[in-house]
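Chain letters run A, B, ... following the sequence lines, proteins first, then strands; residues in each count from 1.
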Amino acid sequence: MQIKDILSKSILDAAKKTVEDGIFKLAENDKLPDILLEVPPKKEFGDFATNFAMQSAKVFHANPRKIAEEIKSRIQLEQIDKIEFAGAGFLNFYLKSTVIYDTFKKIFNAGENYGQLPNKNNATIQIEYVSANPTGLLHVGHGRGAAAGSAIVNIMRAAGYNIQSEYYINDAGNQMDKLTISVNARYLQLLGQQTEADFPEDGYKGEDIIDTAKRIIDRDGDKYLHVSEEERLNAMRELGYQDKLAELKKDLKNFRVEFDNWFSERTLHPAAVNESIEVLKKIGAIYEQDGALWLKSTDYGDDKDRVVVRENGEPTYLAADIAYHKNKFERGFGELINIWGADHHGYVCRVKAAMSALGFDADKLKILFLQMVALYRSGELVKMSKRSGNAIPLRELMEEVGTDAARFFFLMRSMESQLDFDLDLAKKKSSDNPVYYVQYAHARICSIFRQTTEMNIVMEDNPNFNLLIHSSEIDLINKIIDYEEEIEKAAQDYAPQKITRYAQEIAALFHAFYRDCRIIGVESNLASARLGLIKVTAHVIKHALNLLGVSAPESM
RNA sequence: GCGUCCGUAGCUCAGUUGGAUAGAGCAACGGCCUUCUAAGCCGUGGGUCGCCCGUUCGAGUCGGGCCGGACGCACCA
């Protein structure tokens, strides 16, 4: 049992005891408030504090000071040095120093396992993210989604959840037709059969389509000039698609993003799409009007009903999405998480409406939104890529600042905040740059180990951590003790930025320790304990960076 | 007009189911290398938490109303 839980329980027991002792009365319908323990904002306020005396003032009909005194006198714990009443009604708990040493010793002994929480034995949670159309290059917005999604997957796994990650490939419908005519036009152009003037108006104009056409020519030459137009278009569709998908996978891999499953929209057409429409028709959630089929999403709070099959008989994107989400629900996940760009928020209601209509628990579907990314260079907003004339491709960002900095910067802010990405700062090789700052702390520790090993300063198997009494050492130990709780919180809130922040904080505490506490040149038992401390510190920094998908170099 | 998100130091942002004197980084200014990486450390200044009203013992946090910004409001995806 964690010290926090022990404290909570003894506070609750003490509160109950005040009632038993007849000090306070609890009315029939009144309940004791939950015990909230927090780490106080200032060290003088102790190791933990609770506002219980204030929270319970109402049900006890007594002033907080009186409540605090009564509770204080009923708590006897060997781990506690003293309890003080402070402020408007806080109870501050001061732990005996042995508590943190005992806790730290357990962490030290856990070694590489520290940071991996026990399995929660939950039904698998599915996280679907990126899911960009395979019709062009991933841009920086996708990059933010990729960084966030993969970090959330890592964090939730560390927190003990079973996770499956998935990418939904929109490889059917309109956008594939556009890809086809675009690749076809570039192919014909490159082989001198067409000019720029022939390029279809609504085609994809990006340069990457030319690259795709070039690769097709490199492979198959001009052979599609000598077949029927239909055959050529079919070839352009398939080859273009395969090429785009391969590029997309390549970028994601370089960005340290992997998926457990790739789900092709094509597999839903036409059977699964038709089937979900039939089911919805049968239960009256779909009706016909103006030659189209409409989902009655207004029954579930939507502004208007939505078309699922167009007048021309073609299903809409929504129709496929209903079939896809139905499929996901039927796979039996405990929770479905989608990470979408903020520009899709208007879409939530209709998808949830369809799932509710189909009898699924729409609350199991959690949709997280990602706000936009704005890149700044020399203080100026960078809008377009010079090369592609379009949104900035993720690979250009990776080339410019590197994968580590790109991921770290994407994960510094909460997802629902717009992100201003400072390219100059991301490239700086100094402590101004937060990613270098954290990595440097890790490298510094590795460097100390290289030197101490050479000087035969060794860490014993069982160092005496009680020797670590400097405030810089205590602060660092306390931060390390917090780590697993931080993971838990980050997982619960789907908030990778909490880990990014934590990494910066522990790095800062290490640098302060480095300033105050030397290892080489001190008495061997103390050196040994300090080596133990920095060994765990290095592990935690590396572990946190791994969760973020950022490397932890051993030298810089 | 409607919906979602945002508004906290000059800039970018944290602020743990409402709690103690609102924090961090950058920028500015001033210090620290004969000793484990100065890619580091220490110090100083800097705030009407967009505005108003309400709920509460207590509001940056909750509710209502304004103001400002981003995004969305297709038989596109």
Side-chain angles (χ1 to χ4, degrees), chain A residues 34 36 38-42 44-45 49-51 54-55 57-58 63-64 86-90 92 132-133 135 170 173-175 178 202 289-294 303-304 306-318 320-321 341-349 369-372 374 376 379 412-422 425 428-437 439-441 443-452 455 457 485-486 489 492-493 495 497-498 500-501 504-505 507-508 510-512 514-522 527 530 534 555-556:
Chain A
D34 291 340
L36 178 65
E38 58 177 13
V39 177
K42 289 210 189 299
E44 304 94 83
F45 299 146
T50 183
N51 59 0
M54 285 180 278
Q55 297 288 358
K58 213 164 227 171
N63 76 58
F90 290 97
N92 293 338
N133 295 339
T135 54
N170 294 128
N174 213 344
Q175 72 281 359
K178 279 166 76 171
D202 58 348
Q289 191 185 308
D290 305 328
L293 292 182
W294 298 71
D303 299 339
K304 50 181 283 192
R306 308 288 171 174
V307 171
V308 285
V309 178
R310 289 182 267 253
E311 214 175 340
N312 66 9
E314 287 291 314
T316 60
Y317 182 80
L318 176 61
D321 235 10
D343 52 342
H344 284 67
H345 60 70
Y347 204 77
V348 179
C349 196
F369 290 101
L370 212 52
Q371 289 289 335
M372 303 290 133
Y376 287 85
M412 281 201 299
R413 303 282 173 248
S414 70
M415 294 197 291
E416 60 267 21
S417 292
Q418 292 169 53
L419 177 72
D420 287 336
F421 194 117
D422 184 340
L425 181 61
K428 247 191 211 174
K429 291 198 170 20
S430 79
S431 63
D432 299 346
N433 183 345
V435 61
Y436 280 92
Y437 182 79
Q439 289 178 319
Y440 179 59
R444 234 181 186 179
I445 295 173
C446 294
S447 168
I448 294 172
F449 272 105
R450 283 191 294 272
Q451 299 210 29
T452 52
M455 298 169 78
I457 301 169
E485 198 179 321
E486 291 292 333
K489 276 195 264 183
Q492 237 155 50
D493 300 345
Q497 78 278 5
K498 286 185 196 277
T500 317
R501 178 164 288 268
Q504 292 180 79
E505 286 166 356
F510 167 72
H511 288 309
Y514 181 87
R515 174 198 67 223
D516 295 329
C517 306
R518 296 188 55 81
I519 291 168
I520 294 172
V522 303
R530 285 178 174 169
I534 66 168
S555 66
M556 290 170 73

Output the single nucleotide from [options] whose closest atom is nearest the side chain of [X].
{"X": "A:Met556", "options": "B:C71, B:U12, B:A39", "value": "B:A39"}
{"X": "A:His344", "options": "B:A74, B:A77, B:U12", "value": "B:A77"}
{"X": "A:Ser447", "options": "B:A39, B:C75, B:C36", "value": "B:C36"}
{"X": "A:Lys489", "options": "B:U16, B:C75, B:C13", "value": "B:U16"}
{"X": "A:Pro40", "options": "B:A70, B:A77, B:A20", "value": "B:A20"}

[X] has an atom [atom1]; how far is it from atom [atom2] of [N], in whole Å?
{"X": "A:Gln492", "N": "B:U17", "atom1": "CD", "atom2": "P", "result": "12 Å"}
{"X": "A:Met54", "N": "B:A20", "atom1": "CE", "atom2": "P", "result": "9 Å"}
{"X": "A:Tyr317", "N": "B:A74", "atom1": "OH", "atom2": "C1'", "result": "15 Å"}
{"X": "A:Asp422", "N": "B:C26", "atom1": "CG", "atom2": "P", "result": "12 Å"}
{"X": "A:Leu419", "N": "B:C71", "atom1": "CG", "atom2": "C1'", "result": "15 Å"}
{"X": "A:Leu318", "N": "B:C73", "atom1": "CG", "atom2": "C1'", "result": "15 Å"}
{"X": "A:Ile519", "N": "B:U35", "atom1": "CD1", "atom2": "P", "result": "17 Å"}
{"X": "A:Asn170", "N": "B:A77", "atom1": "CG", "atom2": "P", "result": "9 Å"}

Please measure how far the [atom1] atom in [N] lies from the corresponding atom in [M], and state the result in whole Å.
{"N": "B:A27", "M": "B:U17", "atom1": "P", "answer": "32 Å"}
{"N": "B:G18", "M": "B:G1", "atom1": "C1'", "answer": "34 Å"}
{"N": "B:G45", "M": "B:G30", "atom1": "P", "answer": "15 Å"}
{"N": "B:G60", "M": "B:C52", "atom1": "P", "answer": "12 Å"}
{"N": "B:C11", "M": "B:U56", "atom1": "P", "answer": "36 Å"}
{"N": "B:G50", "M": "B:A9", "atom1": "P", "answer": "8 Å"}

Need one value for [X]: base, sugar-phosphate or nothing, where a base atom within 4.0 Å counts as base even if backbone is also close, heavy atoms only.
{"X": "A:Asp290", "value": "base"}
{"X": "A:Ala374", "value": "nothing"}
{"X": "A:Ser414", "value": "sugar-phosphate"}
{"X": "A:Asn51", "value": "base"}
{"X": "A:Ala57", "value": "nothing"}
{"X": "A:Cys446", "value": "nothing"}
{"X": "A:Asp202", "value": "nothing"}
{"X": "A:Leu36", "value": "base"}
{"X": "A:Gln451", "value": "sugar-phosphate"}
{"X": "A:Ala86", "value": "base"}
{"X": "A:Gln55", "value": "base"}

Would you say [N] has OP1 or OP2 under 4.0 Å from some side-chain N or O of [X]?
{"X": "A:Tyr437", "N": "B:A24", "result": "no"}
{"X": "A:Arg515", "N": "B:C42", "result": "yes"}
{"X": "A:Lys428", "N": "B:A27", "result": "yes"}
{"X": "A:Tyr514", "N": "B:A38", "result": "yes"}

Which atom pairs link the protein and nucleotides 5-7 of chain B when you take only N or O atoms and keep those under 3.5 Å?
residue: B:C5; atom: O2'; partner: A:Glu416; partner atom: O; Å: 2.7

### Summary
For RNA chain B, the dot-bracket notation using Watson-Crick and G-U wobble pairs below 3.5 Å, [ ] for pseudoknot-type crossings and | for other-strand pairs, is (((((((..((((.....[...)))).(((((.......))))).....(((((..]....))))))))))))....
### Message
Quick check against the 3.5 Å criterion: does A:Asp290 have a side-chain atom that pairs as donor or acceptor with the backbone of A:Ala292?
### Response
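Side chain of A:Asp290 to backbone of A:Ala292, a donor-acceptor pair under 3.5 Å: no, none is there.
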### Query
If you find the nucleotide of RNA chain B closest to A:Leu425 and the one closest to A:Ile448, which residue's nucleotide is nearer the 5' end?
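Its nearest nucleotide lies further toward 5', so the answer is A:Leu425.
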### Query
Do A:Asp321 and B:A77 have a side chain to base donor-acceptor pair shorter than 3.5 Å?
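By the distance-only test, no, there is no pair.
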### Query
Ignoring hydrogens and angles, does a donor from either the side chain of A:His345 or the base of B:G3 sit under 3.5 Å from an acceptor on the other?
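It does, because a donor-acceptor pair links the side chain of A:His345 to the base of B:G3 below 3.5 Å.
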### Task
Using a cut-off of 6.0 Å, state whether more than 12 heavy atoms not belonging to A:Met556 lie near its atom CE.
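Yes, CE of A:Met556 has more than 12 neighbouring heavy atoms, counting only those of other groups under 6.0 Å.
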### Query
Side chains of A:Ile534 and A:Phe449: does their closest heavy-atom pair fall under 4.5 Å?
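Side chain of A:Ile534 against side chain of A:Phe449, heavy atoms only: contact under 4.5 Å found.
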